[in-house]
Amino acid sequence: MPKPSHREKILTEGLRVVHERGFAGASVRDIVQAAGVPQGSFTNHFASKEAFGLEVLDLYYARGSALIRETLRNDSLPPLQRLGAYIDATKSRLNQNGMRNGCLYGNFTAEASDHSEVLRLRLVEIFSDVQASFAYCLRAAIEAGELSPNLDCDEIAAFIVSSLQGANLLAKAERSPVPVERFKQILFSIVLR
């Protein structure tokens with residue numbers, strides 16, 4: 001009888017460990033200990049730590065995509081309400097552990113993109129997709145009459161992605177939701193006014 005696969009357990013627990021300790025700070029030993037599996041299980045399922053990192057990013061992205069579908073791309077809600085709900089959900093997710101872990105995308109960008117072209121390119125793809133979802137929501141807001149038709153949705157979406165990532169990093173450093181709250185307040189009161 002074949003041995004049960006530990007792949008999903010390694011990925012799920014590995015995501016948690018990498019999010020807490022960072023990609024460079026989380027050793028394979030840390031990951032398999034958290035998953036409660038033998039170290040050989042890691043090499044049975046992942047060709048390298050970089051390959052594992054790609055799958056961790058994709059798992060995190062799948063969870064983030066669910067939030068995007070519930071908010072930014074949820075056509076049953078008013079567009080600006082969707083945008084606010086996405087930012088609030090992001091802040092809430094960051095606050096689950098006292099802002100200590102930050103956003104995995106930002107963490108990977110800061111520590112892994114200089115050392116792995118594969119991870120860097122995957123992050124660029126993810127950020128591009130997230131940006132497209134913000135642009136979609138902003139276009140819906142224009143169509144609903146919530147925003148000026150002169151708004152450059154692609155540029156504002158790029159601004160939102162980069163600014164929210166910066167706010168997430170500051171929230172992590174300060175262990176406070178204030179940077180994300182400040183970003184949201186300025187976005188709605190000045191940028192999208």
Side-chain angles (χ1 to χ4, degrees), residues 12 15-16 18-20 22-23 56-113 119-120 122-193:
T12 302
L15 169 58
R16 185 185 57 75
V18 167
H19 205 173
E20 288 174 2
F23 185 66
V56 163
L57 277 174
D58 287 341
L59 179 59
Y60 190 78
Y61 178 67
R63 294 175 182 176
S65 293
L67 175 61
I68 286 172
R69 284 190 303 277
E70 294 167 11
T71 57
L72 299 175
R73 291 190 176 266
N74 183 350
D75 292 331
S76 68
L77 298 174
L80 291 183
Q81 181 183 330
R82 297 183 229 171
L83 180 56
Y86 180 86
I87 295 168
D88 290 343
T90 298
K91 182 180 78 171
S92 178
R93 188 176 62 210
L94 291 172
N95 204 28
Q96 286 176 347
N97 41 37
M99 304 285 169
R100 284 178 168 28
N101 295 349
C103 172
L104 190 71
Y105 304 144
N107 296 347
F108 262 72
T109 299
E111 68 172 307
S113 61
L119 291 174
R120 186 190 73 76
R122 182 63 183 128
L123 287 161
V124 169
E125 290 172 357
I126 290 169
F127 284 130
S128 178
D129 191 52
V130 172
Q131 182 176 321
S133 294
F134 279 116
Y136 175 88
C137 185
L138 293 171
R139 285 187 186 88
I142 290 171
E143 290 173 19
E146 294 180 337
L147 293 174
S148 165
N150 298 326
L151 188 80
D152 186 333
C153 295
D154 293 322
E155 282 298 309
I156 297 298
F159 166 79
I160 291 171
V161 169
S162 58
S163 298
L164 185 54
Q165 279 299 313
N168 290 342
L169 283 172
L170 284 174
K172 179 179 177 177
E174 295 175 9
R175 300 280 197 308
S176 167
V178 170
V180 177
E181 292 165 355
R182 182 183 307 118
F183 161 73
K184 182 182 177 188
Q185 192 274 327
I186 290 171
L187 176 67
F188 280 92
S189 67
I190 297 172
V191 177
L192 298 177
R193 197 167 66 131

Closest heavy-atom pair and its distance - P179, A171: CG-N, 3.7 Å

With rounding to the nearest 0.5 Å, note down the distance linking CD in E125 to CZ in R120. 10.5 Å

Please tell me if the side chains of S162 and F127 come closer than 4.5 Å, counting only heavy atoms from C-beta onward. no

Donor-acceptor under 3.5 Å (N107 side chain, N101 main chain): yes

Report the C-alpha distance between R93 and L67 in whole Å, list the side-chain angles of each, state the deciding distance to 0.1 Å, and finish with yes or no for side chain to side chain contact (heavy atoms under 4.5 Å, CB included). CA-CA 11 Å; R93 188 176 62 210; L67 175 61; 4.0 Å; yes

Indicate yes or no: at least one non-hydrogen side-chain atom of T12 is less than 4.5 angstrom from one of R16. no

Examine distances only and state if a side-chain atom of E111 and a backbone atom of F23 form a donor-acceptor pair shorter than 3.5 Å. yes

Validation row: C153, I142 side chains within 4.5 angstrom (heavy atoms): yes

Parallel, tilted or perpendicular, as decided by the 30° and 60° cut-offs, for the rings of F183 and F159: tilted

Can you tell if the side chain of L187 reaches within under 4.5 Å of the side chain of I87, non-hydrogen atoms only? yes

Flag the pair L15 / L104 as yes when at least one side-chain heavy-atom distance between them is below 4.5 Å, and no otherwise. yes

Given I160 and L138, is the side chain to side chain contact (heavy atoms under 4.5 Å, CB included) satisfied, shown in steps? CA-CA 11 Å; I160 291 171; L138 293 171; 4.2 Å; yes

Out of L72, L77, D88, which one pairs with L83 under the side-chain contact (heavy atoms from CB on, under 4.5 Å) rule? L72

Ignoring hydrogens and geometry, is there a side-chain-to-backbone donor-acceptor pair from R73 to Y136 under 3.5 Å? no

Y61 six-ring centre to R122 NZ/CZ under 6.0 Å and within 45° of normal: yes

Nearest 0.5 Å, please: how far is CZ in R82 from OG in S76? 7.5 Å

Roughly how far apart are N74 CG and T71 OG1, rounded to 0.5 Å? 7.5 Å

Minimal heavy-atom distance between P79 and C137, with the atoms involved, is O-SG, 3.2 Å

Roughly how far, to the nearest 0.5 Å, is SG of C103 from CG of L164? 8.0 Å

Roughly how far, to the nearest 0.5 Å, is CZ of F108 from NE2 of H19? 9.5 Å

Could you check if a side-chain atom of Q165 sits within less than 4.5 angstrom of a side-chain atom of T109, using non-hydrogen atoms only? no

Atom of G84, atom of F188 and distance for their closest heavy-atom approach: N-CZ, 3.7 Å

Taking the side chain as everything from C-beta on, heavy atoms only, tell me whether E174 gets closer than 4.5 Å to M99. no

Could you state the interatomic distance from OG (S176) to CG (N95), rounded to the nearest 0.5 Å? 8.5 Å

Look only at the side chain of T90 and the backbone of Y86, and say whether a donor-acceptor pair between them is shorter than 3.5 Å. yes

Atom of Y60, atom of G102 and distance for their closest heavy-atom approach: OH-O, 4.4 Å

Intermediate values then yes/no, side chain to side chain contact (heavy atoms under 4.5 Å, CB included), D154 and R139: CA-CA 9 Å; D154 293 322; R139 285 187 186 88; 2.8 Å; yes

